[in-house]
Amino acid sequence: MANQGTTAYEAYSSTTEIELMTIGTNDSGPNRGFCFVVYSTQAGTAEIFWIDPHDGTHRSVQTKACSATTVQVIDFDFRLSRAVLKFTPDAATAGTVSAEGLAYGG
């Protein structure tokens with residue numbers, strides 16, 4: 001059975017952090033890693049967080065600067081039970097961000 005991805009699309013007009021998606025494990029255990037594709041009409045920063053299973057806290061594990069109108073691919077090849085992708089625009093101008101995330105096994 002093939003892995004199924006998660007998609008997100010958000011409009012923004014401020015520099016407020018946007019939580020785009022949460023992806024993670026199924027009942028069979030942790031994933032081997034995650035791959036995210038991010039595209040924004042404005043520059044910003046994409047950040048991957050591990051969700052601490054004990055208290056639910058989001059803990060940053062990787063950040064990536066995203067240029068405007070450029071596809072960014074972030075591959076996090078490390079076992080995590082769940083991950084959150086967030087995006088923070090660099091400027092308070094109107095824009096949109098699209099993302100797709102895939103957890104893969106191994």
Side-chain angles (χ1 to χ4, degrees):
M1 175 182 231
N3 287 321
Q4 184 172 353
T6 301
T7 60
Y9 176 84
E10 295 286 336
Y12 55 82
S13 60
S14 73
T15 58
T16 302
E17 181 179 75
I18 302 162
E19 187 169 316
L20 293 171
M21 66 182 64
T22 301
I23 62 175
T25 190
N26 54 31
D27 293 335
S28 63
N31 295 291
R32 179 177 149 203
F34 300 94
C35 185
F36 296 99
V37 178
V38 181
Y39 176 86
S40 178
T41 58
Q42 306 293 334
T45 302
E47 191 165 10
I48 300 169
F49 293 83
W50 166 62
I51 301 174
D52 188 323
H54 300 289
D55 63 10
T57 302
H58 294 183
R59 303 189 191 281
S60 179
V61 292
Q62 187 172 351
T63 60
K64 174 103 177 189
C66 297
S67 300
T69 67
T70 302
V71 174
Q72 298 292 326
V73 177
I74 307 164
D75 183 37
F76 190 75
D77 192 12
F78 191 79
R79 289 191 184 274
L80 295 176
S81 55
R82 291 189 304 156
V84 175
L85 175 65
K86 297 182 182 183
F87 181 80
T88 305
D90 283 349
T93 56
T96 59
V97 60
S98 300
E100 185 168 356
L102 175 70
Y104 54 89

Quiz item: Are L85 and V38 side-chain neighbours, meaning at least one heavy-atom pair lies under 4.5 Å?
Solution: yes
Exercise. Please report the shortest heavy-atom distance between G44 and D90, naming the atom on each side.
Key: CA-OD1, 3.4 Å
Exercise. Work out which heavy atom in F34 is nearest to a heavy atom in D75; give both atom names and the distance.
Key: O-OD1, 3.1 Å
Quiz item: With a cutoff of under 4.5 Å between side-chain heavy atoms, which Ile, Leu, Val, Met, Phe, Trp and Tyr residues group with F49?
Solution: I51, V84
Self-check item: Rounded distance (nearest 0.5 Å) linking atom CG of L20 with atom OG of S40
Solution: 9.5 Å
Quiz item: Do Y12 and T41 have side chains that get closer than 4.5 Å, going by heavy atoms?
Solution: yes
Practice problem: Please round to the nearest 0.5 Å and tell me the distance separating atom NE2 of H58 and atom OG1 of T22. | Solution: 6.0 Å
Quiz item: For the residue pair I74 and A46, what are the closest heavy atoms and their distance?
Solution: CD1-CB, 3.8 Å
Practice problem: Of all the heavy-atom pairs spanning Y9 and S98, show the shortest one and how long it is. | Solution: CD1-OG, 3.2 Å
Quiz item: Can you name the closest pair of heavy atoms from S67 and Q72 and give their distance?
Solution: N-NE2, 3.9 Å
Quiz prompt | Evaluation steps, side-chain contact (heavy atoms from CB on, under 4.5 Å), between F36 and L102 | solution = CA-CA 6 Å; F36 296 99; L102 175 70; over 6 Å; no
Practice problem: Please name the pair of heavy atoms, one in V73 and one in V37, separated by the smallest distance, quoted to 0.1 Å. | Solution: CG2-CG2, 4.3 Å
Practice problem: Give the ring-plane orientation class for F78 versus F76, where under 30° counts as parallel, over 60° as perpendicular and anything between as tilted. | Solution: perpendicular
Quiz prompt | Pairs satisfying salt bridge (Lys or Arg N to Asp or Glu O under 4.0 Å), at least one member in residues 40-54, at least two apart | solution = D52-R59
Self-check item: Distance in Å, I23 CD1 paired with R82 CZ, rounded so as to fall on 0.5 Å steps
Solution: 11.5 Å
Quiz item: For C66, does its backbone N or O pair with a side-chain atom of T45 as donor and acceptor, under 3.5 Å?
Solution: no
Quiz item: Mind checking whether E10 and F87 have side chains closer than 4.5 Å, heavy atoms only?
Solution: no
Practice problem: List for me each residue that meets side chain to side chain donor-acceptor pair (under 3.5 Å) alongside T16, sequence neighbours excluded, and say none if there are none. | Solution: S14
